[in-house]
Each structure stands twice: as structure tokens, then as C-alpha cells.
Peer 1: 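Below you will find the structure I want to go over with you.
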Amino acid sequence: TAVMTRLHLLLLFIGLTLAGSCKRDLLEFDKVMQLTSNTTSRLNNIRFLDDATCIIGGGSTFYQSTMLRSADGGYTWRTDTNATGPKEMYGMSVAPGGTVYLCGIDGIVLSSQDKGNSWDFHRIDNWLVNRGGTFPVPDTGIFVSTVLQRQCAITRVAADFSIIDEQTFLFGLNNLYMTNTTTGYALGYGVIMKTTNRGNTWDYLNIKGDNFTAMAFLGEEIWTCGSAGGIYHTTDAGTNWQRLRNGNDISLPRYLLRCILFTDNQHGWAAGDKGKVIYTNNGGHDWYEYKNFTTSSIRGIAPCPNGDLLLCGDNGGIYRIKP
């Protein structure tokens, strides 16, 4: 009994020590505005197309697509009544020519050539759940999908969305980023792959340890985050990676991160479930948590022209933040 008592005291001491080591003063934003979205749908992506025009894509799984558009720098939003997608849109991209692509459930792709004023409906005939995709050149599109994080496909399509070829893998993919007409990154469950030939072949990068959800780019400098709370960094376009934050470290707060943004090589933000937002001012080596302004998950983050941040997420949430 005495041994058990000492063991219990030891475990209590360890728990209190770990709790104390994790406790930090929370940061506060200078200003937080919750904007009117007129929707309760999940909002997955947000992006500025110019200083005035910003769009958001999302929806309600099997019931509807939701596209929101702002023409005043992200202050007011209207629902796009021209959108015709019947299912949720997960991925968003802007092609080199300016066409915006949203993709989602059942192979559906929506495209806009007028900055979100109107949308055209397309379908890739594999009926997969596409998480990201774009057209790096007008005659070839690349889209990535997932099936319950257990398998995926990287599908290349022609301008009419007919399938050119398809590669399958035994893990899920969460997004696709093309940095130019030939080079791109596909990221997902324990893996990041890179192509330098427009998706003809893919090479595995030397990175693992998380379900990677998003990337932020400043030239060849890249940061990525994951659903376990890991954050990784490369300065050579993915050849070598440094783990800046170990999401599996039990002494650190647990975050499920869904989006990441760096405005320069020192200042960055990552956000995710339960409204968590974290910040770094030294390139990602140290991260500090903000006081919650919502308990809803945050799924997208974008920099505003005036230096504010726009965030979007569950339950139709749109927030304008002054760091």
C-alpha cells in the first residue's frame, strides 16, 4: 500500500510538472471581428484574388456547395447564387491564367474565369473525393483525392476534364500545391510527394511523422503542418526538412492543425480544431498560442492587403483579425 501511495504521488508530481511546463500566457489579438457570412456551412478555404476580391469555398458534405465572395477587401460577403455544385468543395486553387478552381465530392470541379462572379460545373468521371487540384497549364489538370485516408489517386485530366491517367496509392492525400507549371507537392497521411514534370512522376520526400494538411511557401522555403500538431520546414524546396515542432511530444500542447501561413520568413500563423491559433516570430522554432475567440474549427487563413488576417471555418465562421 505504501508503494502504491508513493507511485500515485510520483505520477501526480509528473502530471503537475508537465502541466506546468505546458502553461504559458496566452497571446491576444489587437482586434477580432466576426463577420456576417449568412451561412452555417463549413468553410474550407479562403483566398484573395486581388486587393478587393476574396473568395471562400466550402459546403455541407452531400447537400450543397457554398461559395462566398467579397468585393471590398474581405469586410462584407455575399453568397454566390451562380454556383451550381451540389456537394461540398474542399480544395481551392488559382491557375496561372487566373482561373479559380474548387473541387470536392463525387469528382465535382467548379471553375470561375471572372474572379468568382460566375461558376462553371465540371465532373471528373472517377467520382472521387478530390481534396485539391488545378490546371498548371491549360491542357492538363492535376487533382488529388482520398478515401477515408486509406487510399488515394492522383488524376490528370484534359481541358474537357476527361481522364488522361491516374496513379493510386495506399494512403490518403489532403491537398495539392503547384508552385509553377511543372513543380508541385501532394501531401497527406504520413507523406509528401513532389513532381517536377507536371505530375507524370512523383518522388517521396524525406519527411514523415504526421498527417500533413497544409503548406506555406516563400520561394524554395516551405513550412508544412499536420493533424498531430507537427510543423516542419525546408529551405531547399523539400530536399531536406527540419522538424520545428513535434506534435507527438506529450510535454507540448496538442493541436490539430489545418492551415498555415507565413507572411515573411520569420512571422507565421497556424490554426485548426477548436479555434486554436498559434504564432511564431522566429521562423517556426517557437510557437505561442492565442486566446480563443471561437470554439469552432478554423480551416483557412489568408493575409489581407492592410496586414489583417482573415480566417474561416466551421459553422459559417469568418473572422477578421488584427495581429
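Because only heavy atoms are used, hydrogens play no part in the values below, and waters and symmetry mates are left out as well, while side chains stay in. Residue indices begin at 1 and follow the sequence shown.
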Peer 1: So, does Gln167 use its side chain to make a donor-acceptor pair with the main chain of Gly199 at under 3.5 Å?
Peer 2: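 Pair found, side chain donor or acceptor close to backbone of Gly199.
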Peer 1: How would you list all residue pairs meeting salt bridge (charged side-chain N to carboxylate O under 4.0 Å, His left out) that involve residues 153-172, not counting sequence neighbours?
Peer 2: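 Listed by first then second residue: Arg156-Asp165.
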Peer 1: Given the rule in the side-chain contact (heavy atoms from CB on, under 4.5 Å) test, do Tyr90 and Arg42 qualify, once you have shown the distances and angles that lead to the verdict?
Peer 2: CA-CA 10 Å; Tyr90 292 116; Arg42 184 162 51 215; 4.2 Å; yes
Peer 1: Is any side-chain heavy atom of Val144 closer than 4.5 Å to one of Cys152?
Peer 2: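 Cys152 vs Val144: side chains apart.
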Peer 1: Which pair of heavy atoms, one from Asn174 and one from Gly188, lies closest together, and at what distance?
Peer 2: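 Distance-wise, the nearest heavy atoms are ND2-CA, 3.5 Å.
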Peer 1: Please name all residues satisfying ring pair (Phe, Tyr, Trp, His ring centres under 6.0 Å) with Tyr185, sequence neighbours left out, ordered by chain then number.
Peer 2: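 By the ring pair (Phe, Tyr, Trp, His ring centres under 6.0 Å) rule, Tyr185 matches Phe217.
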Peer 1: Checking Asn281 side chain against Gln266 main chain: does a donor-acceptor pair fall under 3.5 Å?
Peer 2: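 No.
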Peer 1: side-chain hydrogen bond (donor to acceptor under 3.5 Å, both in side chains) between Ser112 and Asp114: does it pass, once the steps are laid out?
Peer 2: CA-CA 6 Å; Ser112 174; Asp114 56 9; 2.9 Å; yes
Peer 1: Return the NZ to CG distance between Lys276 and Leu257, rounded to the nearest 0.5 Å.
Peer 2: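 Result: 11.5 Å between the selected atoms.
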Peer 1: The test is side-chain contact (heavy atoms from CB on, under 4.5 Å); show your working for Asn38 and Trp77 and say whether it passes.
Peer 2: CA-CA 8 Å; Asn38 296 309; Trp77 295 85; over 6 Å; no
Peer 1: Examine Tyr189 and Leu256 and state if one hydrophobic cluster contains both, with Ile, Leu, Val, Met, Phe, Trp and Tyr joined whenever side-chain heavy atoms are less than 4.5 Å apart.
Peer 2: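 Per the 4.5 Å side-chain linkage, Tyr189 and Leu256 are not co-clustered.
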Peer 1: Quick one: OG on Ser41 to CD1 on Ile56, what's the gap to the nearest 0.5 Å?
Peer 2: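 Atom-to-atom, Ser41:OG and Ile56:CD1 are 11.5 Å apart.
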Peer 1: Using a strict 4.0 Å threshold on nitrogen-to-oxygen distance, state whether Lys194 and Asp203 make a salt bridge.
Peer 2: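 Here Lys194 does not pair with Asp203 in a salt bridge, since their nearest N and O are not under 4.0 Å apart.
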Peer 1: To the nearest 0.5 Å, what is the distance between CZ on Arg320 and CD on Gln34?
Peer 2: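 Going from CZ on Arg320 over to CD on Gln34, the span is 14.5 Å.
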Peer 1: Quick one, Asp249 and Arg254 - any side-chain contact, counting heavy atoms below 4.5 Å?
Peer 2: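 The answer is no, as the side chains (C-beta and beyond) never meet within the 4.5 Å cut-off.
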Peer 1: Any donor and acceptor pair, going by atom type alone, linking the side chain of Arg245 with main-chain N or O of Gly229 inside 3.5 Å?
Peer 2: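 Side chain of Arg245 to backbone of Gly229, a donor-acceptor pair under 3.5 Å: yes, one is there.
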Peer 1: Would you say Tyr177's side chain and Met215's backbone share a donor-acceptor pair under 3.5 angstrom?
Peer 2: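 Looks like yes, one N/O pair under 3.5 Å.
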Peer 1: Check whether any side-chain N or O of Asn180 sits under 3.5 Å from a backbone N or O of Thr183 as a donor-acceptor pair, and report yes or no.
Peer 2: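 Present.
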Peer 1: May I have the step-by-step check of ring pair (Phe, Tyr, Trp, His ring centres under 6.0 Å) for Phe121 and Phe161, ending in yes or no?
Peer 2: CA-CA 11 Å; Phe121 177 89; Phe161 288 85; 9.6 Å; no
Peer 1: Mark yes or no for whether Thr179, through its side chain, and Gly184, through its backbone, hold a donor-acceptor pair below 3.5 Å.
Peer 2: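 Checking the backbone N and O of Gly184 against the side chain of Thr179, no donor-acceptor pair under 3.5 Å is found.
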Peer 1: Find out whether Leu128 and Phe143 are in side-chain contact, i.e. whether some heavy atom of one side chain is under 4.5 Å from a heavy atom of the other.
Peer 2: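 When only atoms from C-beta onward are counted, Phe143 and Leu128 do not touch, as no gap falls below 4.5 Å.
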Peer 1: Rounded to the nearest 0.5 Å, what's the gap from OG on Ser37 to CZ on Arg78? Could you check?
Peer 2: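 Nearest 0.5 Å value for the OG-CZ distance: 14.5 Å.
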Peer 1: When you group the ILVMFWY residues by side-chain heavy-atom contacts below 4.5 Å and let the links chain together, are Ile298 and Phe29 in the same group?
Peer 2: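 Linked, Phe29 and Ile298 end up in one cluster.
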Peer 1: Would the distance check show the side chain of Lys115 and the main-chain N or O of Ala71 forming a donor-acceptor pair, the cut-off being under 3.5 Å?
Peer 2: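 No, Lys115 side chain to Ala71 backbone: no donor-acceptor pair under 3.5 Å.
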Peer 1: Quick one: closest heavy-atom pair of Cys312 and Ile46, and the distance?
Peer 2: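 So the two residues come closest at SG-CB, 3.8 Å.
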Peer 1: Let me confirm one number: the CG-CG distance from Asn306 to Asp308, rounded to the nearest 0.5 Å.
Peer 2: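 Taking CG in Asn306 and CG in Asp308, the distance rounds to 4.0 Å.
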Peer 1: Out of Val32, Leu26, Leu27, which residue meets the side-chain contact (heavy atoms from CB on, under 4.5 Å) rule with Lys291?
Peer 2: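 For Lys291, the side-chain contact (heavy atoms from CB on, under 4.5 Å) check succeeds only for Leu26.
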Peer 1: Under a 4.5 Å cut-off applied to non-hydrogen side-chain atoms, are Leu309 and Val277 in contact?
Peer 2: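 No, too far: nothing below the 4.5 Å cut-off.
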Peer 1: Apply the test side-chain contact (heavy atoms from CB on, under 4.5 Å) to residues Cys259 and Trp269: give CA-CA distance (whole Å), side-chain angles for both, the deciding distance (0.1 Å), then the verdict.
Peer 2: CA-CA 8 Å; Cys259 53; Trp269 294 262; over 6 Å; no
Peer 1: Is Leu187 reachable from Trp202 through a run of I, L, V, M, F, W or Y residues, each pair having side-chain heavy atoms under 4.5 Å apart?
Peer 2: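 Looking at the clustering, Leu187 is in a separate group from Trp202.
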Peer 1: At what distance, to the nearest 0.5 angstrom, does CZ of Arg258 lie from CG of Asp314?
Peer 2: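 Arg258 CZ to Asp314 CG: 7.5 Å, rounded to 0.5 Å.
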Peer 1: Would you say CD of Gln242 has more than 12 non-hydrogen atoms from neighbouring residues, nucleotides or ligands within 6.0 angstrom?
Peer 2: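 Yes - once you tally the heavy atoms of other residues, nucleotides and ligands closer than 6.0 Å, there are more than 12.
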Peer 1: Which heavy atom of Gly172 sits nearest a heavy atom of Thr146, and at what distance?
Peer 2: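 Result for this residue pair: CA-OG1, 3.2 Å.
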Peer 1: Which pairs pass ring-ring contact (aromatic ring centres under 6.0 Å, His included) with one or both residues in residues 245-267, sequence neighbours excluded?
Peer 2: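 The answer is Trp223-Phe262.
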Peer 1: Without swapping roles, check the side chain of Thr40 against the backbone of Gly316 for a donor-acceptor pair under 3.5 Å.
Peer 2: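 No, Thr40 side chain to Gly316 backbone: no donor-acceptor pair under 3.5 Å.
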Peer 1: Side chain of Asn200, backbone of Asn197: donor and acceptor closer than 3.5 Å?
Peer 2: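 No; judged by distance alone, with no hydrogens or angles, the pair does not exist.
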Peer 1: Name all pairs fulfilling the ring-ring contact (aromatic ring centres under 6.0 Å, His included) condition that reach into residues 301-323, sequence neighbours left out, sorted by first residue then second.
Peer 2: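 ring-ring contact (aromatic ring centres under 6.0 Å, His included) check on residues 301-323 returns Phe293-Tyr319.
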Peer 1: One pair to check against side-chain contact (heavy atoms from CB on, under 4.5 Å): Ile55 and Met67. What are the steps and the verdict?
Peer 2: CA-CA 7 Å; Ile55 58 172; Met67 268 66 69; over 6 Å; no
Peer 1: Check Asp139 against Ile164 and note the closest heavy-atom contact, atom names and distance.
Peer 2: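 That closest heavy-atom pairing would be O-CD1, 4.4 Å.
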Peer 1: Identify every side-chain donor-acceptor pair in residues 99-111 under 3.5 Å, counting partners at least two apart or on other chains, and give the distances.
Peer 2:
| unit_1 | atom_1 | unit_2 | atom_2 | d |
| --- | --- | --- | --- | --- |
| Asp106 | OD2 | Lys87 | NZ | 2.4 |
| Ser111 | OG | His122 | NE2 | 2.7 |

Peer 1: For the backbone of Cys225 and the side chain of Thr213, can you confirm whether one donor and one acceptor N or O come within less than 3.5 Å of each other?
Peer 2: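 Checking the backbone N and O of Cys225 against the side chain of Thr213, a donor-acceptor pair under 3.5 Å is found.
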Peer 1: Specify the closest pair of heavy atoms between Ile154 and Ala186, including all atoms of both residues, with the distance to one decimal.
Peer 2: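 That closest heavy-atom pairing would be CD1-CB, 4.4 Å.
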Peer 1: Establish whether Tyr75 and Leu311 are linked, either directly or via other cluster members, by ILVMFWY side-chain heavy-atom contacts under 4.5 Å.
Peer 2: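 No, Tyr75 and Leu311 fall in different hydrophobic clusters.
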Peer 1: Cluster question for you: counting only ILVMFWY and a side-chain heavy-atom cut-off of under 4.5 Å, with indirect links fine, are Phe62 and Met89 together?
Peer 2: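 No: no chain of side-chain contacts under 4.5 Å links Phe62 to Met89.
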Peer 1: Apply the side-chain contact (heavy atoms from CB on, under 4.5 Å) test between Ile231 and each candidate in Thr224, Ile278, Thr280, Asp210; give the one that qualifies.
Peer 2: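 For Ile231, the side-chain contact (heavy atoms from CB on, under 4.5 Å) test succeeds with only one of Thr224, Ile278, Thr280, Asp210, which is Ile278.
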Peer 1: Strictly by side chain to side chain donor-acceptor pair (under 3.5 Å), give each pair with a member in residues 127-136 just once, sequence neighbours left out.
Peer 2: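 For residues 127-136: Ser93-Thr134, Asp125-Trp127.
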Peer 1: Do you know the tightest heavy-atom contact between Pro96 and Pro136?
Peer 2: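 Here Pro96 and Pro136 meet closest at CG-O, 3.5 Å.
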